[in-house]
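See structure below.
First the proteins, then the strands, lettered A, B, ... as listed; each starts at 1.
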Amino acid sequence: MSPNSVDVLFVEDNISDAELTIREMKKHNLANNLFHVKDGEEALDFIFATGKFAAIRDVSYPPKVILLDIQMPKVNGIEVLKKMKADPNTKSIPVVILTSSKESPDIEKCYGLGANSYIVKPVNFEGFAEAIRNLGFYWLLLNQPPT
Amino acid sequence: MEIKPIQPLKEQGIFKALLDAAPDATVIVDRNGRVQMVNKQTENLFGYVREELIGQPVEIFIPRALWLAHEQHRKNFGKEPRVRSMGAGLELEAVKKDGTKFPVEISLSPLQTEEGLLISASIRDITQRKKSEQKFKALLDAAPDATVIVNEDGIIEMINHQTENLFGYSREEMIGRPVEILIPGELRSKHVHHREGFAKEARVRTMGEGISLNAVKKNGSRFPVEISLSPIQTEEGMLVSASVRDITLRKNLENDLKRTNEELEAFTYSVSHDLRAPLRGIIGFTAILEEEYSNKFDDEARRITSVIKNNTLKMGHLIDDLLTFSHMGRQDIEKTSVDTRIMIDEIIKELIPNNVGLYIDWHIHPLPGINADISTIRQVWVNFISNAIKYSGNKKHPLIEIGSFHHEGQIAFFIKDNGVGFDEKYKDKLFKVFQRLHRAEEFEGTGIGLALVEKIVSKHGGKVWATGEVDQGASFYFSLPSE
């Protein structure tokens with residue numbers, strides 16, 4: 001998959017959560033153009049086509065949605081959100097916060113920074129699978145991304 | 001009737017009779033300080049007979065050390081004679097014939113006579129009063145708290161040792177000064193106002209109920225205090241006694257406790273939060289095993305995966321409940337008016353959707369509305385009602401009764417069921433975290449529900465309790481302030 005044909009940028013440091021998410025997306029044929037990065041630094045490089053993505057990515061081909069975890073080493077999800085929503089070139093990419101944190105300050109902060117959705121990952125598998133499936137269908141099939 | 005002028009001789013007789021009838025010892029002295037006349041009380045009080053006194057200098061009644069000073073005072077009085085008490089503000093002493101000294105109070109009046117100026121001195125023995133004053137002072141000093149006694153004008157009249165120690169002023173530096181010297185500068189004018197208010201409606205009460213009070217030491221440092229006020233009615237008008245207790249230590253302990261609690265709650269939150277991610281992994285991968293590999297498993301392998309799944313589910317509930325519990329500790333309650341009956345009807349509808357629970361016999365008495373935090377009080381009802389349903393569910397005719405009554409000035413509610421009940425021996429454990437009175441295979445639960453209820457109710461200023469008997473049902477109660 002070319003980095004310019006990515007539909008879903010999936011930012012998640014927990015490999016188990018990542019595997020379960022990707023598995024569920026694949027099950028419903030939603031993972032064909034999913035790209036997984038494992039921390040916030042990598043996410044920023046992808047979004048702004050810097051670092052290792054400088055040569056291979058063109059910012060004029062944005063993903064349809066970014067699934068963003070909050071708690072990550074180095075650069076956390078909130079910093080990623082802040083940077084991309086502050087940049088006119090990237091601010092209209094829809095961002096879905098996908099996190100374990102029910103802490104209300106995080107929720108407020110993310111919406112304040114321009115997050116488009118905030119989903120608390122359910123602990124039970126049925127709930128988790130359903131959440132992933134629904135958000136995949138919604139953002140990839142139902143939602144009309146900016147052109 | 002004809003009025004005759006009184007004979008001078010007779011006049012003198014009446015005067016002597018009057019003198020003897022006076023309650024106090026009276027000594028009449030000429031302008032040279034010689035005793036001219038004394039009454040019976042003088043003889044009794046000082047132990048002299050009249051003849052020993054007449055013509056003697058008045059200093060005979062005065063301790064030797066003060067003779068010179070007294071002579072000077074006497075001369076000054078002669079220059080400006082008027083009715084007044086002697087030595088205002090000083091403690092006066094007199095001497096008996098046998099040399100014993102005793103405390104007195106003396107008032108002086110000039111008498112203009114044909115023979116010139118005479119001075120009448122009324123002398124009152126105040127030994128008894130001094131004794132009771134000393135007793136009062138001893139009592140004051142024995143009080144554990146600093147005590148400041150203030151007159152109607154807010155002037156400090158009396159203090160005890162503790163006051164000197166606490167505030168760092170000496171007695172002399174405080175007596176006669178306005179009580180506002182002990183109060184933070186910015187509150188002084190307000191205090192004058194409060195003080196006047198207290199005088200109008202004087203009763204024993206604590207000062208500034210519900211407010212954190214601070215007092216100021218001589219060196220300017222402030223410290224938290226608790227103050228109780230009592231009016232004292234005296235002949236000279238109302239005095240107010242203020243007991244001042246230094247609560248620095250208690251405040252520090254309270255703050256430590258608060259901080260420790262906050263840390264504990266933050267810790268609980270982060271632990272349970274961080275536990276969720278690995279748990280999701282275990283649950284998720286076990287589910288995948290079950291879904292995608294069950295055809296390759298034998299029965300025992302399938303049983304084991306389902307045991308894993310059940311345990312992880314339980315752990316999930318436990319973590320969620322712990323999160324709710326720790327969240328409750330940090331949440332502020334916001335009181336609004338709550339219609340109890342409507343809330344309960346909604347909860348029952350939610351807990352027993354459609355007709356599944358129609359076999360329960362509900363007896364719901366009229367219920368008063370309350371002022372409470374709607375979401376947390378709802379949680380209380382949800383927990384009590386779902387418990388009642390859970391623990392009476394295996395009865396042939398489950399009966400749940402809900403009602404209210406007045407209890408120790410609060411509104412109390414009860415939820416009574418005819419279910420499995422509990423052994424009262426263990427009732428202390430009911431409202432504690434992770435304490436359960438039933439095994440998990442009998443009744444599911446994490447042991448947090450009632451602990452949460454207890455926390456919510458106590459945050460509202462109420463109480464929870466329960467009664468029960470094995471197999472005879474249980475009654476759970478909670479009370480809330482009626483305001």
Qualifying residues under side chain to side chain donor-acceptor pair (under 3.5 Å), relative to A:D7, sequence neighbours excluded: A:N33
Under 4.5 Å from any heavy atom of chain B - which part of A:E24: neither
OH/A:Y111: more than 12 non-hydrogen atoms of other groups inside 6.0 Å: yes
Residue list, salt bridge (charged side-chain N to carboxylate O under 4.0 Å, His left out) with B:E254, at least two apart or on another chain: B:R250
Winner by heavy-atom pair count (cut-off under 4.5 Å) against chain A, out of B:I319, B:T312, B:I282, B:I283: B:I283
Any residue of residues 285-305 of chain B which, by heavy atoms, sits under 4.5 Å from chain A: B:F285, B:A287, B:I288, B:E291, B:E292
Atom OH of A:Y61 with >12 non-hydrogen neighbours under 6.0 angstrom: no
Heavy-atom contact with chain B under 4.5 Å, split by part of A:N14: side chain
Inter-residue atom distance B:R280.CZ - A:F125.CZ, 0.5 Å rounding: 11.5 Å
Interface residue of largest heavy-atom contact number with chain B, from A:I15, A:D17, A:N124, under 4.5 Å: A:D17
Heavy-atom closest contact (A:V123 atom, B:R276 atom, distance): CG2-NE, 3.3 Å
Greater than 12 external heavy atoms within 6.0 Å of A:K82's NZ: no
Those residues that, when tested against B:D345, pass salt bridge (charged side-chain N to carboxylate O under 4.0 Å, His left out) (two or more places apart): B:R341
Nearest atoms (heavy-atom pairs only) where A:S16 meets B:G281: CB-CA, 4.3 Å
A:K83, NZ atom: more than 12 neighbouring heavy atoms under 6.0 Å: no
Other residues, nucleotides, ligands: >12 heavy atoms within 6.0 Å of A:H36 NE2: yes
